[in-house]
Amino acid sequence: MNSRKALWGELYLTFAGIGAVTFGGGYAMLPILERELTEKRDWASEEELLDFYAIGQSTPGIIAVNTATFVGYRNGGIVGGITATLGMVTPALIIITLIAALLGRFHEMEMVRKALDGVNIAVAVLLLSSLRKFAKKTVTGLLPGLLCAGAFLAVGFLGFSPITVVFASAGMGLTSGMIRRRRA
């Protein structure tokens, strides 16, 4: 039981650390999650982490919180899922509470605006890094490449809902798999 409690504590502290230093949401967290969860702790393989991300994207809630819940549950059961989730949200709750208390003066501070400009650039780089890693692992042929390009155009330029594109892409992937299975 002590090892279980130690794991729950480690889940909480790990996800609290990730939540405290990551800005920009779930996609920007992917490189940090990958390093902390797959490389350092072996709590999930890279493929599992991508699966957790995909499920987290298509279920209600915040991707990073959903991923923390999945990883916590996988490694520590229900209590592990709860502690990982609490760890992920604790820093945000503290930071948001502090910002809310200072909101009137916060937005007027030029130093804060410049710091946020720098954070935005870092988030853009993290998003590009996540995109590159996702593409390397998921775009493995012509059909996945076309599906990726089509989804990007649909969401980025044609204004389609990401939810619609996720479900349509899942349907196309299932159909493609069934066709390939029948041919084999």
Side-chain angles (χ1 to χ4, degrees), residues 7 10-11 14-15 17-77 80-81 84-85 87-89 92 119-184:
L7 172 63
E10 188 178 2
L11 282 164
T14 298
F15 282 102
I18 292 169
V21 299
T22 312
F23 297 88
Y27 294 118
M29 286 183 174
L30 184 59
I32 294 170
L33 287 172
E34 190 171 21
R35 184 184 69 238
E36 293 295 323
L37 306 180
T38 66
E39 295 170 15
K40 282 187 177 180
R41 291 179 179 79
D42 198 31
W43 284 344
S45 69
E46 288 183 11
E47 292 78 22
E48 288 171 323
L49 186 59
L50 289 176
D51 288 345
F52 292 153
Y53 247 66
I55 295 167
Q57 174 67 37
S58 58
T59 54
I62 301 166
I63 298 169
V65 172
N66 292 347
T67 302
T69 305
F70 296 144
V71 171
Y73 179 80
R74 180 183 179 279
N75 291 282
T85 302
M88 183 62 83
V89 301
V119 167
N120 287 337
I121 291 168
V123 167
V125 170
L126 289 172
L127 290 172
L128 289 173
S129 173
S130 294
L131 175 66
R132 184 180 61 80
K133 286 182 181 183
F134 267 127
K136 279 184 174 180
K137 292 178 179 140
T138 59
V139 182
T140 56
L142 179 61
L143 183 61
L146 291 172
L147 191 58
C148 179
F152 178 74
L153 289 172
V155 173
F157 295 98
L158 300 176
F160 281 80
S161 164
I163 295 168
T164 303
V165 173
V166 166
F167 282 117
S169 298
M172 286 183 229
L174 286 171
T175 304
S176 170
M178 290 177 5
I179 292 169
R180 272 188 259 150
R181 203 173 308 126
R182 283 188 181 163
R183 289 183 184 169

Item to check | Ionic contact status for K133 with E47, cut-off 4.0 Å | outcome: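 No, E47 and K133 are not salt-bridged.
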
Checklist entry - Any ion pair linking K40 and E36 (charged N to carboxylate O, less than 4.0 Å)? => result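 Salt bridge flag = yes for K40 with E36.
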
[X] [atom1] to [Y] [atom2] distance, which is reported to the nearest 0.5 Å:
X	Y	atom1	atom2	value
I179	L174	CD1	CG	11.0 Å
F160	L153	CZ	CG	10.5 Å
L30	R132	CG	CZ	11.0 Å
E48	T67	CD	OG1	12.5 Å
L126	I121	CG	CD1	12.5 Å

Next on the checklist: Is it the case that atom CD1 in I163 sees more than 12 heavy atoms from other parts of the structure closer than 6.0 Å?
Outcome noted: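 It does not: I163 CD1 has 12 such atoms or fewer within range.
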
Next on the checklist: Applying side chain to side chain contact (heavy atoms under 4.5 Å, CB included), can you list everything that pairs with T164, at least two apart in sequence or on another chain?
Outcome noted: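 If we apply the side chain to side chain contact (heavy atoms under 4.5 Å, CB included) test to T164, skipping adjacent residues, the hits are S161.
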
Just by distance, do the side chain of [X] and the backbone of [Y] share a donor-acceptor pair under 3.5 Å?
X	Y	result
S176	M172	no
D42	L37	no
T59	I55	yes

I'd like to check [X] versus [Y] (side-chain heavy atoms, cut-off strictly below 4.5 Å). Are they in contact?
X	Y	value
F15	V71	yes
I62	N66	no
V65	F70	no
P144	T138	no
F52	R74	yes

Taking every non-hydrogen atom, the tightest pair across [X] and [Y]:
X	Y	answer
L11	W43	CD2-CZ3, 3.6 Å
V155	P162	CG2-CA, 4.1 Å
A84	A68	CB-O, 3.2 Å

Item to check | salt bridge (Lys or Arg N to Asp or Glu O under 4.0 Å) between R35 and E46, worked out | outcome: CA-CA 10 Å; R35 184 184 69 238; E46 288 183 11; over 6 Å; no

Checklist outcome for this item: salt bridge (charged side-chain N to carboxylate O under 4.0 Å, His left out) filter on E10, not counting sequence neighbours, yields R41

